[in-house]
Amino acid sequence: MSDSVQEVAKARQILNQGGGEHNGYTLYSSGLLVQTIQITVTSIEKEIVFPATFPCVVTSVQPIGGNVKVLKLGKNKALLQFDPADVGTKIKLIFSGQ
């Protein structure tokens with residue numbers, strides 16, 4: 001496949017995108033919603049509000065750059081607990097679900 005055909009195919013899979021450099025979401029035609037949030041850990045516990053509400057359920061939380069324990073998980077926010085050693089570091093969080 002040529003690059004332009006691949007770009008068109010990818011564009012058809014994405015129904016909606018939003019957000020900025022550090023917080024954003026992508027809604028795919030399959031119903032999958034992927035949200036990316038980058039934060040600087042300032043305390044051991046932190047509530048994260050998603051850029052877009054998940055229609056049904058969050059199925060996956062993937063931290064990049066630190067250790068995270070999920071305390072509560074809802075359609076529009078999550079309560080997370082961080083390793084004390086990660087205070088002051090930047091962590092990227094990827095939430096996915098439908």
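What you see is a predicted model; the values in this text were computed from it and never measured. Keep in mind that the numbers below use all heavy atoms, side chains included, and drop hydrogens, waters and symmetry copies.
The distance from atom CZ of Phe50 to atom CG of Leu73, rounded to the nearest 0.5 Å, is 5.5 Å. The CD atom of Gln17 lies 7.0 Å from the OH atom of Tyr28; values are rounded to the nearest 0.5 Å. The structure places CG of Asn16 at 12.5 Å from OG of Ser29, a figure rounded to the nearest 0.5 Å. To the nearest 0.5 Å, the span separating OG1 on Thr26 from CD1 on Ile14 amounts to 5.5 Å.
In this structure, Tyr25 has no ring-ring contact (aromatic ring centres under 6.0 Å, His included) partners at least two apart in sequence or on a different chain.
A pairwise comparison of heavy atoms in Gly97 and Phe54 identifies N-CE2, 3.4 Å as the closest pair.
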Counting only pairs under 3.5 Å, give me each side-chain donor-acceptor contact of residues 82-91, with atom names and distances, residues two or more places apart or in other chains.
unit_1, atom_1, unit_2, atom_2, d
Asp83, OD1, Ala85, N, 2.9
Asp86, OD2, Asn67, N, 2.9
Thr89, OG1, Asp86, O, 2.5

Output side-chain donor-acceptor pairs under 3.5 Å for residues 32-47, partner residues at least two apart or in another chain, one line each.
unit_1, atom_1, unit_2, atom_2, d
Gln35, OE1, Ala52, N, 3.0
Gln35, NE2, Ala52, O, 2.6
Ser43, OG, Glu45, O, 2.6

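When Val70, Leu93, Ile94 are each tested for a side chain to side chain contact (heavy atoms under 4.5 Å, CB included) with Pro63, only one passes: Leu93.
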CA sep, side-chain torsions, deciding dist, call: Ile48, Leu80, side chain to side chain contact (heavy atoms under 4.5 Å, CB included): CA-CA 7 Å; Ile48 305 294; Leu80 305 176; 3.7 Å; yes
